[in-house]
Amino acid sequence: MHWTDVTAQSLSHKGKKHIVSTGITPSGEFHIGHLREILTGDMIARAAQDAGLDVEFVFIIDSADPLRKVYDFLGPEYEQFVGNQLGAIPAPDEDGNPDWERFEKEGWTYANHFLEPFLKALNEIGVKPRLIDNLESYRSGRFAELSKIACDRAEDIRECIERISSRELPDNWFPWSPLNSKKGLDKVKVTGYDYPLVHWKDEYGETGSSDISKGEGKLPWRIDWPAKWGWIGVTCEAFGKDHGAAGGSYSTGREIAHLLGHEPPQPLVYEWISLKGQGAMSSSAGNTIGPIEALELVPPEILRLLIAKSKPNKAIEFDTGMGLVTLADEYERLAARDFDKELANDELSRRQRVQIEDAAGALRMASTVAGGKAQATAVTFRHLALLAQTKKNDEDVWSSLQSSGAIDAVTPELQDRLSRMRHWIHSRHFPAEMRITILEQPNMEMLKMFDDDEKKILANMTAAMEACVWDAQSIGACIPQAARDLDLSPRSAFKVAYAALMGAEKGPRLAPILAEMEQQEILSILRACMTSITE
RNA sequence: GGGCCUGUAGCUCAGUCAGGUAGAGCGUCGGACUUUUAAUCCGAUGGUCGCGGGUUCGAACCCCGUCAGGCCCGCCA
C-alpha cells in the first residue's frame, strides 16, 4: 500500500470527517522544501478522499509570526521591524527596502510578497487548499476562546512545556505574547492578566493592555499550534522533523491540545529535502531552488512524483542534473504501465504486490488532478533533450518524432514539455554529460586508438565532407560511405566520426547536428585530427 | 545528556509495521538491429541486508547491544 493510503486508512479508523492541515511561515523565499510540506498534506487529503472520507485540506499562513532578524536579502531599514508580525509590515522592494507605497495603498505585506509566487506555483501543481491567514484569524477573534483557556491555565501549560521540553521558562513567562508599543512581540513583559486584557510593560518604558480576543498579540508558537488544531478542527497534520523530535513542539503540542480541550491531530513527520551536494536548503545560504524555478525545468507531475515516490521519513536529495532525467524517465515508465493488469496476476508474491501498489500509488499522487489519468508521452526526457539541442525550432522536433513513429500528434503536453526542456538546457542545472558538444581540439586519447582502417576511413570521410552538400541528408550519406568505399562496415565509420568530432565512442545521430553547424568548422576539426594522426 | 531517522547490488531505493527461497530501476557487460535518435529489444552481471549476540523450525524484518552518517531538544519545512 502506498504511504498516503496507509495514512488514509488509519484516519478512517478515527472517523469520517477530516481536516488535513499544513502551515508555513512566510519569512522569506519559498523553496521546494516547503513544497514537501504542502504536497505531503495534499496527497494525504487526496488518499483520504479516495478512501471515501469527507476531507478538507487547509494551508495555514503563519503571518502572525514575527520577523526574526534582518535577513541577508533585506535592507538595514528592516531593523525597525524585527519582532513585528510578517502580515503587518511592508514587503521588500527589489533592493530589499520596505515598499511603503504598496503597503499603504494596497495593504501589500511582507507575508503577501513571499506567499504570492508560492501560491501561483501551487496552483500549477494542482494543490488547492483552503487558505487560512493566521494573523487575520487572531484579529477576527478565532483564537479568543482558546487563548482564554491558555491564559487561565498558564501554570499547567508552563509545567507541561518545562517537563516535556526540559527547558526552563522565565518567571514572568505567560502564554500570550502582547504587542508592545511598537507593535513588536519582543522586548515586552506581561505584568498582569485580567480577561480579556493582558497587561504589559515594554523595554521602551511604555505600558499597555492587550486584548486577547482582538489579536493584539499572539500565542507563543508552542501554544499557537495546538490552538489552531482546536478551532480549525485539524485531524491530521504533516510537519517537518524539526517539530517531530522528542521534546519538540509536537510533543508539547499534543499535551497542550488536551489542556485546551481537544484531541491532537494524527502526526506525520517528514524528512527534509536537500539540494544534491549542497546540504539542507536554507534561504540565507542561498542554496535554494524555488518551486517556480523547479517548474521551469520539469512539469508539475514530475515534481509531485518526487515527493510521492519517497516515504515521508526518507530524506530527499533533489538533483537538478542527471537525477532529473532519471526521475522524468521513471515517470514515463510508470505512466505507460497497466497496474490493474499487473495486479490481476494471482501468482504475485506479497512483495511484488506491494511494489506494484506503491508504484501505482505514486503515479496516482503525481497527477495534478485528483483522479486524473497519467498520460505517457512516449518520448523520454533523454530523447527530448537530444532533439531539443539538435533542432532549433519546435516544428523540426515534432516532425522527427512523427516520422520515427514515436508520436501521432503534437499535444499541448508535449509542447509544454519541450518548452520546459529548452529552459532546462539553457539553465545552469543542465548536466554536462547531456550536453551535445562538437570538439574544437582533437581528442588525442581517442585518436591514438585508431587502427589503419580507421585512419583511412577518417581520410575518406574528410574528403567526402569537403565535397558534400551541407544538409543533413547528404552528410548522413557520406559518413557510412567513407567506410563502404573501403569495404568496411558503416558501423566503423560512425565510430570514427564520434571519436573525431565528439571524443566519444558513440553518440546521438550525427548528421542533423552537423548540418546545424558550419561546414568549415567541421572540416577544420577533421583536418586537425588527420594531422595529429600522421605525426 | 535525552531523543528521532538512516545504513540492503557500483548508484537511487523497495522490502521491516503483519518473520517464510534477497527485489526494482539505473549502471555495467554481452547479443540482436544498422545510413545507430547515447534509441529499441533480448540476455547476463551484481548483495556475509553496517557489525555482534538473542528469540524462532525459519530473521533484512522481532529483541538486546554496538558502529557509522544525518538531524532534533531557541528559530527553521
Side-chain angles (χ1 to χ4, degrees), chain A residues 1 6 10 22-25 27-28 30-41 62 65-66 68-69 164-167 221-222 238-252 269-274 276 279-284 309-317 319 322-323 325-327 329-330 333-334 349-356 358-359 362 379-380 382-387 390-391 397 400-401 403-404 406 433-434 436 472-473 475-484 489-491 493-495 497-498 502 504-513:
Chain A
M1 218 186 325
V6 174
S10 103
T22 187
I24 300 175
T25 305
S27 55
F30 283 70
H31 50 67
I32 50 166
H34 295 108
L35 213 50
R36 186 171 208 177
E37 159 96 16
I38 200 142
L39 278 177
T40 303
D62 284 320
D65 290 1
R68 306 255 176 227
K69 63 171 192 174
I164 297 175
S165 73
S166 61
R167 65 191 251 231
W221 162 245
R222 285 194 184 242
F239 47 86
K241 60 175 178 179
D242 47 327
H243 295 309
S249 45
Y250 183 76
S251 54
T252 50
V269 179
Y270 61 85
E271 255 285 354
W272 288 20
I273 296 183
S274 60
K276 186 165 175 96
M281 243 173 275
S282 143
S283 304
S284 52
K309 73 171 193 148
S310 300
K311 287 182 168 186
N313 65 1
K314 286 284 187 182
I316 294 178
E317 272 205 359
D319 176 3
M322 282 311 287
V325 181
T326 313
L327 181 65
D329 287 348
E330 183 176 354
R333 268 199 311 279
L334 285 174
S349 69
R350 181 176 148 238
R351 177 178 297 152
Q352 288 169 317
R353 193 166 287 277
V354 165
Q355 214 157 65
I356 296 169
D358 271 351
V379 184
T380 63
R382 205 178 271 276
H383 190 174
L384 193 62
L386 278 179
L387 293 176
T390 54
K391 308 203 184 290
V397 173
S400 162
L401 284 168
S403 67
S404 69
E433 63 180 287
M434 291 283 289
I436 295 173
Q473 203 182 355
I475 299 168
C478 73
I479 297 173
Q481 196 58 43
R484 283 219 192 86
S489 80
R491 187 180 210 168
F494 282 105
K495 200 180 151 210
Y498 285 117
M502 300 182 78
E505 296 236 348
K506 51 184 179 173
R509 184 179 237 177
L510 268 175
I513 299 167

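Remember, it's a predicted structure, so these values are computed and weren't measured experimentally. Each chain gets a letter, A, B and so on, in the order its sequence line appears, and its residues count up from 1.
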A:R36 near the nucleic acid: base, sugar-phosphate alone, or nothing, with a heavy-atom cut-off under 4.0 Å?
nothing
Heavy atoms only, 4.0 Å cut-off, all strands: where does A:I436 land among base, sugar-phosphate and nothing?
base
Using atom C1' of each nucleotide, how far apart are B:C57 and B:G19 to the nearest Å?
12 Å
Does A:G248 reach a base, just sugar-phosphate, or nothing at all? Heavy atoms under 4.0 Å.
nothing
Minimum-distance nucleotide to A:K314 side chain [options: B:C13, B:C76, B:U35]
B:C13
Taken to the nearest whole Å, CD/A:E330 to P/B:C11 is 18 Å
If you only use heavy atoms from C-beta on, which nucleotide in B:G27, B:C71, B:G25 is closest to the side chain of A:R382?
B:G27
Could you check whether any side-chain heavy atom of A:V397 comes within less than 4.5 Å of a side-chain heavy atom of A:L384, counting everything from C-beta outward?
yes
Rounded to whole angstroms, how far apart are OH on A:Y270 and P on B:C76?
11 Å
Using side-chain contact (heavy atoms from CB on, under 4.5 Å), reason through A:W272 and A:D242 one step at a time and then give a plain yes or no.
CA-CA 9 Å; A:W272 288 20; A:D242 47 327; 3.7 Å; yes
Measuring from the side chain of A:R222 (C-beta onward, heavy atoms only), which nucleotide among B:C75, B:A77, B:C5 has the closest atom?
B:C75
Hey, do the aromatic rings of A:Y270 and A:F239 have their centres closer than 6.0 Å?
no
Between B:U12 and A:K309, is there an OP1 or OP2 to side-chain N/O distance shorter than 4.0 Å?
no
In whole Å, I'd like the distance from the CG atom of A:N313 to the P atom of B:A77.
20 Å
To the nearest Å, how far apart are A:H243 NE2 and B:C73 P?
10 Å
Would A:W272 count as stacked on B:A77 if the rule is ring centres under 5.5 Å and plane angle under 30°?
yes
Does the distance from a Lys or Arg side-chain N to an Asp or Glu carboxylate O, for A:E271 and A:R36, drop under 4.0 Å?
no
Checking contacts here: which listed nucleotide (B:A77, B:C5, B:U6) is nearest the side-chain heavy atoms of A:E271?
B:C5
Taking the side chain of A:H34 as its heavy atoms from C-beta onward, which of B:C75, B:A77, B:C26 lies nearest to it?
B:A77
Looking only at B:G7, B:C72, B:U35, the nucleotide nearest the A:P480 side chain is B:U35
What is the distance, to the nearest angstrom, from the OH atom on A:Y250 to the P atom on B:C73?
18 Å
In whole angstroms, how far is the P atom of B:G15 from the CD1 atom of A:I356?
14 Å
When rounded to whole Å, the NZ to C1' distance for the pair A:K311 and B:G7 reads 15 Å
With a 4.0 Å limit, can you tell me whether A:T25 has a side-chain N or O closer than that to the phosphate oxygens OP1/OP2 of B:C75?
no
Does A:L387 reach a base, just sugar-phosphate, or nothing at all? Heavy atoms under 4.0 Å.
base
Scan A:T326 against the nucleic acid and name what it touches under 4.0 Å (heavy atoms): base, sugar-phosphate only, or nothing.
nothing
I want to check something: taking the side chain as every heavy atom from C-beta on, are A:L35 and A:F30 in contact at a cut-off of under 4.5 Å?
no
Any side-chain donor paired with an acceptor under 3.5 Å for A:R222 and A:S249?
no
Atom-pair distance (CD on A:E317; P on B:U12), nearest Å:
8 Å
Which listed nucleotide (B:G70, B:A77, B:A14) is nearest to the side chain of A:K241?
B:G70
